[in-house]
Amino acid sequence: MDQHADQTVRALRGPSVDHPAPYGIPGLIRSAGERAPDAVACTGAGETWTYRRLEEVSDRLAAELLRRALPEDRPVAVLADRGPHMVAALLGVLKAGLPYLPLATDESAERLALILDTARPDLVVGTTGALAGWQGPDGVALLDVEPLSAGPDATYVPGPLRPVTADQPVNIIFTSGSTGTPKGVVVPSGGVTNRLLWGQRHYGLTAEDRVLQKTPYTFDVSGWEIYWPLIVGARLVLLAPGEHADPAAIMQTVTEHQVTVCHFVPSMLDEFLRWPGAADCTGLRHVFCSGEALPATLARTCVKTLPARLHNLYGPTEASIEVTYWDSPEDPSLIDDVPIGRAVDNCTMLVLDGQGLPVAEGETGELCIGGVPLALGYLGRPDLTERVFVPAPEGSGLERVYRTGDLVRVVDGQIRYHGRIDEQVKIRGVRVEPGEVESVLREHPGVDECAVVVAGERAPRLVAFVRPHGADPTGDPDGADRQEEYRAHVAARLPSAYVPTHFVTLDTMPLTRSGKQDRVLLRQRAAELLAPRADGPAAAEGDPLALLWAEVLGLDSVDEDADFLALGGHSLAAVRLRGELLRSYGLRITLAELLRERITLAGLRRRTAAAAAGEATAAGPAG
Ligand code: AMP
């Protein structure tokens with residue numbers, strides 16, 4: 001084999017390494033805890049727990065779950081705010097030999113019902129505060145983990161661990177479903193332990209490391225954030241609930257707790273690095289990115305700003321968190337593009353054409369993943385499972401592969417990402433199927449037909465086109481009220497990343513010759529809508545506040561009286577605006593104010609003027 005072909009094979013086939021975990025994640029954590037039972041395992045929510053305490057509380061929960069003899073083929077739901085009790089809840093469920101189903105504490109009642117209907121847990125384990133807000137269906141028992149943590153028991157002896165097989169489900173992670181129903185990926189224990197033990201083999205964390213846990217546990221990355229430190233006797237630092245999109249809070253936690261390892265989706269890393277003081281996070285050793293493409297400019301900024309090594313990881317939920325990696329050079333001038341790199345241990349990548357056959361070397365094709373990390377399928381959806389978990393091509397040495405829908409090419413021994421085959425998109429790191437948004441929007445009584453498309457290269461956005469039923473009863477020629485109604489309808493039912501930034505009402509839906517929605521045309525129209533216009537924000541030249549407003553919101557025109565939310569403002573836009581307002585105008589404004597109050601550009605002008613006047617007054621006569 002020539003050197004070139006050899007490089008390609010190495011990119012595509014991860015090393016075969018034995019990563020035994022006969023007692024699964026609980027067994028790995030127990031071994032680490034036994035080496036230093038009094039070391040701090042986790043800290044957050046005002047509590048600091050040793051390994052001994054984490055073991056004890058999770059053992060108590062496991063014993064309680066076993067006493068209840070729950071059916072083994074159903075997950076135990078977890079509804080918890082971030083903190084040591086959340087960790088004990090997850091670990092306790094695993095110790096009882098059951099998979100957990102993490103539920104978002106801010107999930108809408110509708111979406112929660114769809115998820116519970118599919119997964120059918122009998123029991124929800126949670127923290128006191130999260131369970132108090134429970135709005136799930138009747139008939140599901142609730143168990144508060146907090147009373148189980150009362151006082152150490154002098155007679156405590158660690159409970160027995162149960163053997164875990166590699167294909168035993170560890171958790172069910174729901175992601176967006178194109179047909180309108182979220183789909184639950186059944187993740188195998190062997191996949192997650194393979195990811196953890198590969199990471200440890202490759203990056204070698206030590207007991208001195210402190211890993212930040214900021215990703216909500218409904219996303220797969222939380223899997224390594226939580227368990228990786230715990231299997232090596234390191235410290236898990238839990239960010240306060242609700243702070244994962246707040247760079248100032250992240251920065252404070254990172255510096256206060258001397259965090260050494262941290263994960264960001266690239267769009268959040270961008271916000272973090274823009275925040276004044278990011279460079280003060282000098283204790284960081286490793287910054288991991290995954291979830292969406294990492295732009296080279298951002299990678300360079302990160303390497304220049306922080307002393308940490310930067311890594312770009314790639315992987316779908318369907319392949320146990322991440323399956324490829326690229327470690328950035330330390331010299332930023334050497335970063336001219338960012339590949340997704342090479343396969344991790346026990347994992348094989350195939351690049352296939354439309355017929356399911358391997359493409360020629362260097363050609364673009366669909367990335368298909370095989371090996372240990374492969375998920376077991378989608379819960380209760382054999383049809384969907386069969387469609388994307390397909391038999392591997394002959395001679396590949398694999399049984400099944402997962403068709404990712406991602407386009408890639410192998411160049412110079414590195415896998416490079418080239419976008420999606422379908423319409424799935426990452427909005428601020430969150431995986432969204434426009435079809436799910438359409439199906440929710442279609443339920444609005446005023447909507448006759450709709451299409452949701454993606455536009456915007458750098459920061460993708462969703463644009464909804466709606467053909468309403470009949471004429472607008474309000475007589476509003478632009479349908480502005482309706483747009484507000486559609487937005488509210490979607491926002492009440494779906495996570496915020498799923499809410500389109502623009503709603504456009506149409507008299508007729510453009511169709512192709514074969515009578516289908518002309519999505520190419522709609523995408524074009526959406527792109528035009530988002531593109532800067534000659535009379536757009538540039539017309540606000542000399543008006544830095546208007547320019548800032550337009551840039552943060554990605555607007556093509558400036559309206560003084562339209563509010564932040566109605567203009568499609570979201571949490572990351574709010575974070576950016578808040579940072580810039582503080583930096584350039586000395587104006588302190590909270591994220592809650594930006595996201596909940598109807599703040600307009602005109603209102604901001606008044607506040608910045610008041611802040612400037614306040615500063616002048618504070619400076620006093622001497623100033
Ligand atoms: P999720 O299941 O939420 O982890 O989303 C998986 C999808 O996110 C992949 O199929 C890719 O489309 C995208 N993705 C994840 N990591 C990366 C990355 N490092 N670069 C580009 N796209 C990524």
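First listed ligand is number 1; within each ligand, the first listed atom is number 1.
Under 3.5 Å, the side chains of D345 and H202 contain no donor-acceptor pair of N or O atoms. N171 and Y217 are not linked by any side-chain donor-acceptor pair at a separation below 3.5 angstrom, with hydrogens and angles left out of the test. For W198 and E322, the side-chain atoms include no donor-acceptor pair closer than 3.5 Å.
Interatomic distance, CD of E318 versus CD1 of I173, reported as 11.0 Å (0.5 Å rounding).
Of all atoms in ligand 1, listed by their number and element, those nearer than 4.0 Å to a heavy atom of P316 are 2 (O), 4 (O), 6 (C). Counting the atoms of ligand 1 from 1 in the order shown, those under 4.0 Å from a heavy atom of A293 are 20 (N), 21 (C), 22 (N). Within ligand 1, counting atoms from 1 as listed, the ones closer than 4.0 Å to a heavy atom of T317 are 1 (P), 2 (O), 3 (O), 4 (O). Listed by number with element, the atoms of ligand 1 under 4.0 Å from a non-hydrogen atom of R420 are 10 (O), 12 (O).
If you run side-chain contact (heavy atoms from CB on, under 4.5 Å) between C281 and each of I250, L273, V254, only V254 comes through. If you run ring pair (Phe, Tyr, Trp, His ring centres under 6.0 Å) between F288 and each of Y314, F264, W228, only W228 comes through.
Between E243 and K214 no salt bridge is recorded (no basic side-chain N to carboxylate O distance below 4.0 Å). At a threshold of 4.0 Å, the pair D518-K516 does not count as salt-bridged, since none of the basic side-chain nitrogens sits closer than that to a carboxylate oxygen.
In terms of polar-atom proximity, K426 is counted as a contact of ligand 1, with an N or O under 3.5 Å from an N or O of the ligand. Close N/O approach between R431 and ligand 1 is found [any backbone or side-chain N/O within under 3.5 Å]. Residue L313 has at least one N or O atom closer than 3.5 Å to an N or O atom of ligand 1. At under 3.5 Å, not a single nitrogen or oxygen of T175, backbone or side chain, sits near a nitrogen or oxygen of ligand 1. Considering backbone and side-chain atoms alike, G291 places an N or O below 3.5 Å from some N or O of ligand 1. At under 3.5 Å, a nitrogen or oxygen of N312, whether backbone or side chain, sits near a nitrogen or oxygen of ligand 1.
Of the heavy atoms in Y417, only side-chain atoms (C-beta onward) come closer than 4.0 Å to ligand 1. Under 4.0 angstrom from ligand 1, the non-hydrogen atoms of E292 all belong to its backbone. At a heavy-atom cutoff of 4.0 Å, ligand 1 is contacted by the side chain of I340 but not by its backbone.
D406 counts as a contact of ligand 1, since one of its heavy atoms falls under 4.0 Å from the ligand. The closest approach between G315 and ligand 1 falls below 4.0 Å for a heavy atom of the residue.
The aromatic rings of H311 and H286 sit tilted, their planes meeting at an angle between 30° and 60°. Relative orientation of the F389 and Y402 rings is tilted, given thresholds of 30° and 60° on the angle between their planes.
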